[in-house]
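The chains referred to below are lettered A, B, ... by the order of the sequence lines, with proteins before strands, and numbering in each begins at 1.
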Amino acid sequence: MSLINSAPKHSKLLRLLEPKKPSSFLLLRHLCAEPSSQPPKQDDEAIEATVTQALELLQQTPHHDWASSQPLHTLLFPSSNPSPSVLFQITRRLPSHSAALNFVDYLRSNSALQDVQVLSSAFLAVLNLAKRESNSPETLSELYRVSKEWKIPLNVDAAVLLVRSFGMAEMVDESALVFNELDPSLKSTYVRNVFIAVLLKDGRVDDALKVLEEMLQPESEVPPNDGTRDAFFHGLRMKKRNGRWLSIEEIVQLVVRFGEHSVFLNSIMLNKLIVQLCRSHQIDQAWDFLRELMKLGAPIEVSCFNAILSELGRKRDVNRMNSLLREMKDRDIQPNIITFGILINSLCKLRKVDAALEVFKKMSEGNDGISIEPDVITYNALIDGLCKVGRQEEGLAMMKQMRSVNGCAPNTVTYNCLIDGFCKGGEIDMARELFDQMKNEGVMPNVITINTLIDGMCHHGMINSAFMFFNEMQGTGLRANVVTYTTLITAFCNVNNIDKAVELFDQMLKSGRSADAIVYYTLISGLTQAGRMNDASNFFSKLKEAGFRPDIACYNTLIGGFCRTNKMDKAYEILKEIEDVGMRPDAVTYNTLITYFSRLGNFSVALSVMKKMRQQGLVPTIATYGALMHACCLAGEIDEALKIFRNISKSKLFPNTIIYNILIEALCKNNKVEVALSLMNDMKVKGVKPNTTTYNAMFKGLKEKHSLEDAFKLMDGMIIDACNPDYITMEILTEWLSAVGEIDKLKTFLKGFEVSPSDAALETLQA
DNA sequence: TTAGGGTTAG
C-alpha cells in the first residue's frame, strides 16, 4: 500500500498522536490574524502529515540506510518535484544540525531532486539549527565550506545569517567572503544593509562605503532604503575607534545622495548635522545643504532653520537672518518660540533692544494668525538686553509684566540680569535690594548672582564692601568660584594692592578651586603694572606648568613690562619664545617695541621696527602713530608730531581721543594753548569725544595763561559731555578757582554731575 | 537667557 495515498487519511490520527507538540507551522497559523473559524487547508494538513511521517521514518532508520529506504523515498519523492516546503520543514525539525546536514546530503544524492533552491532552503535550516545549538562561528564556517563543496548556493536568508553571525563573532573577513562569493542577483539591499552594519561595527568605513556606493548610483538596482540609512549612519557612530572618521562634507554629500533615492535622515539627526556644520563655521554649506534636501522633497522642520539662524545670530549677521526668515515664510515654515527667542536674543546682543521689543510684540500679538506665548527665556533675553543698554528700569517693569503670564515667574537668571543692570548703572543699593527680594521670593541666588554683585561693587569703588560680601557669602553655601576670585584679584590689582591679590590667588588654590588661564593673565598683568617683573615671570612659569599655553596678549604684557623696566634681554627672551612656540608677534608686540625705542629717542630703530612690522604683513595701527607722536612730543619735537598727525589722515586710520590728547597735552605744556583749543574744536568737528585727560590738559594750559573765561566754557563742556572730573581736575580747579575767588563756580560745576551720596563716597572718605 | 581677565599710544 502506498504511503502517499494514505497520508491524507492518516493526517488527523498522526496529529492526535502528538497533541502536546504542535508544529511551528500550525503555531504560526494560529498566530496569524486570519479568522480562526476557517478550517485548516487540506494542503497544510497533508504537508504536516508527510513531515511528521518522514521525521518518524528518519529517526527509526540509521542515516546510512536512508538512501536505501524505499518508504522514505516514496514519501519524499512522490514525483519529480518534491515539495520544497516539506523538505524544509523536515530539515528544521530534525534533532540536530548534523542530522539535518545528513538529511541534506541524502537529498542532494537523490537524482530525483532537480531544483537546487530546495537544497538551498534545506541548507538554511541546517544553518539555523547550528546557530541555535551552539552559535559557534567555527561550526558555521565549516558549514559554509560544506555548502560550497556540495555546490549548494546560499539563499538570501542563509547569506544574511552567515554575514551577521560572523560579524558578531568579529570574523569580518568571513562575512566579507560570504558577501563577495554570493551570487550577484542575491546581493539585495537587505543583504547589503546587514553587511554594511557588520563592516562599520568593525571600523571598516571605506569597505562599507564601497558597498554603499553601488547602492547610491542613480539607476541602482539595489537602491538604499531606511534600513540602509539606519545601518550606515548608526554604524558610523558605533564604529570602532580604529575606523577613520568621515568628514562632515563627506557625510553631507552622502545624505544628499540618500535623498536622491528619497531616503532622508530623521529630523533629529539632520538637525545635529546642521548644527555641526554651523559650529564649524560652514553656514553657507548648511544653508545649501538644507535647500538641496528640500528640493529633493525632504520634510524639513523649523529646528533646522533655527540652528542656522542661531549661528547667524552669533555672527551678528542680521541681513542673512532676514533672508533666511523670508525663505522660511516662502516655504510656509512656521517660526516657533525658539525662532523668536533667537531673534530677540540676537537683536538684544546687537543692542537693538527696540527692534527686539517689536519682535516680541509681533510674536505675542500673533502674526498671520499664529500667536506664540513668550516664555521665561524670552523675557530674560529682553530684560538682559534692556539692562545692557542702561534701561534697567524698563527691565524691572518687564519683570512685573512677566509675572502676569502663566508659568513665567522670574527666575535666578531674571534677577541676575537686573542685578547686573543696576550694578553697571552704579545703583548698587538697588542691586542689593533685588538680591534680598529674590531670596524672600524663594528664587535662589547662584554664584553668578554674587559674582555680579561683587563685580558691581568693585567697579564702583566699593572694594571693601565687595570683600566683606564675599566673606559673608562663603558661610551660606554659595561657594565662590574662579570667576569670583578673578573679580576680586582684578579689583585689588587696580588699587595697587598686589599682595592681597596674590593672597587671594593662593587662597583659591588652597580651597580646592583650580586656576584657569584668565586668572593667571590677570595676576601677570597686575604684577607687571606694579613693576614686579620677577613675580610676573614666576606666575608666567606657573601658568605654563599648569598646562596653559600663553596667548599673544600675555606675551605682550610681559614684553611691555620688561621694556618699561629696561630689561631688554628679558624682553628678547620672550620674543624668542613666541617664535619657538610657533606663534607670531602681532601689531601690539611691534607697537610696544616702537614705543620703547622712540621713548629712548632712538627713532631710527623705532622706524626700522615699523618697517619690519610692515614686512611681516602687519599694518601700523593708530597706536603705532601715537607712540611715535608721543616720543616726538617728549623730545620737544611738536612740529614733527603734528606732521605725523597730518600723515595719519593719508592712511585709512582715524585719530582718536588719545591721539588728540597727546598733541593737546604737548601744546599746552609748550604754551601753545590756542593751537590746543583749536585742536579740541577739530575733535568736535570730527566727532571724537574729549575725555577727562583732554580737559585736564587744557585746564593746566589755561591756568598757566590765566584764561579763566575759556576754562569756564570748558567746564560747561564737561558737563554737557557727561565727562566726570577726577582728582586731577579737582586739584587744578580748586587751586586755581579759589585763588581767584571763583570757588562758587566750582560748586555749581560739581552739582552738574549729580553724584549721589553712596557707599562709594563713604568708602572713599574712609580710605 | 545671566558673571570674571590680560597687551600698545594719553
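Note: CG (Leu663(A)) to P (dA9(B)) measures 16 Å, nearest angstrom. Put simply, CD1 on Ile498(A) is 16 Å from P on dG5(B), counting in whole angstrom units. The CD1 atom of Ile489(A) sits 10 Å away from the C1' atom of dG5(B) (whole-angstrom rounding). Atoms NZ (Lys424(A)) and P (dT2(B)) sit 12 Å apart, rounded to a whole Å. Rounded to an integer number of Å, the gap from Leu618(A) CG to dT7(B) P is 20 Å. Per the geometry, OH belonging to Tyr415(A) stands 18 Å off P belonging to dA3(B), to the nearest Å. Per the geometry, OH belonging to Tyr485(A) stands 21 Å off P belonging to dA3(B), to the nearest Å. Per the geometry, CD1 belonging to Ile450(A) stands 12 Å off C1' belonging to dG4(B), to the nearest Å.
In this structure, of dG5(B), dT1(B), dT7(B), it is dG5(B) that holds the atom nearest to the side chain of Thr490(A). If you check dG10(B), dT7(B), dA3(B) against the side chain of Ile448(A), the one that comes closest is dA3(B). Among the nucleotides dG10(B), dT2(B), dG4(B), the one closest to any side-chain atom of Ile518(A) is dG4(B). Counting only heavy atoms from C-beta on, Thr452(A) has its side chain closest to dA3(B) among dG10(B), dT1(B), dA3(B). Checked against dA9(B), dT1(B), dT7(B), the side chain of Gln529(A) finds its nearest nucleotide in dT7(B). If you check dG4(B), dG10(B), dT1(B) against the side chain of Val413(A), the one that comes closest is dT1(B). Of the candidate nucleotides dG10(B), dT2(B), dT8(B), dT2(B) has the atom lying nearest to any side-chain atom of Lys388(A). Listed nucleotides dA9(B), dT7(B), dG10(B) differ in distance to Asn691(A); the shortest reach to its side chain belongs to dG10(B).
Not a single donor-acceptor contact under 3.5 angstrom links the side-chain atoms of Thr522(A) to the base of dG5(B). Asn481(A) contributes a side-chain N or O that forms a donor-acceptor pair with the base of dA3(B) under 3.5 Å. Side-chain atoms of Asn446(A) stay outside donor-acceptor range of the base of dA3(B), with no qualifying N/O pair under 3.5 Å.
Using a 4.0 Å heavy-atom criterion, one finds that Ala623(A) contacts the bases of the nucleic acid, with or without backbone contacts as well. Nucleic acid contact for Ile377(A): base, since at least one base atom lies under 4.0 Å from a heavy atom of the residue. When heavy atoms are screened at a 4.0 angstrom cut-off, Cys554(A) is found touching base atoms of the nucleic acid. Within 4.0 Å (heavy atoms only), Ser525(A) reaches sugar-phosphate atoms of the nucleic acid but no base atom. Residue Ile622(A) is classed as a base contact, given a heavy-atom separation below 4.0 Å to a base.
One N or O on the side chain of Asp516(A) and one on the backbone of Ile518(A) form a donor-acceptor pair closer than 3.5 Å. At distances below 3.5 Å, at least one donor-acceptor pair connects side-chain atoms of Thr412(A) with backbone N or O atoms of Met444(A). In this structure a side-chain-to-backbone donor-acceptor pair under 3.5 Å is present from Thr557(A) to Ala553(A). Side-chain atoms of Ser525(A) never come within 3.5 Å of backbone atoms of Tyr521(A) as a donor-acceptor pair (strictly under, hydrogens ignored).
Separation of the Phe597(A) and Phe603(A) ring centroids does not fall under the 6.0 Å cut-off. Aromatic ring centres of Phe340(A) and Phe360(A): separated by at least 6.0 Å. Taking the six-membered ring for Trp and the full ring otherwise, the centers of Tyr555(A) and Phe540(A) sit less than 6.0 Å from each other.
Listed by residue number, the members of residues 590-597 of chain A with any heavy atom below 4.0 angstrom from DNA chain B are Asn591(A), Thr592(A), Thr595(A).
At dT2(B), one or more side-chain N or O atoms of Lys349(A) fall inside 4.0 Å of OP1 or OP2 (strictly under the cut-off). Phosphate contact (OP1/OP2 of dG4(B), side-chain N/O of Arg513(A), threshold under 4.0 Å): absent. Here Thr487(A) does not reach the OP1 or OP2 of dG5(B): none of its side-chain N or O atoms lies under 4.0 Å away.
With rounding to the nearest 0.5 angstrom, the CD1 atom of Ile498(A) is 14.0 Å from the CZ atom of Phe505(A).
Applying the ring-ring contact (aromatic ring centres under 6.0 Å, His included) test to residues at least two apart or on different chains, the pairs with a partner in residues 409-452 of chain A are Phe435(A)-Phe469(A).
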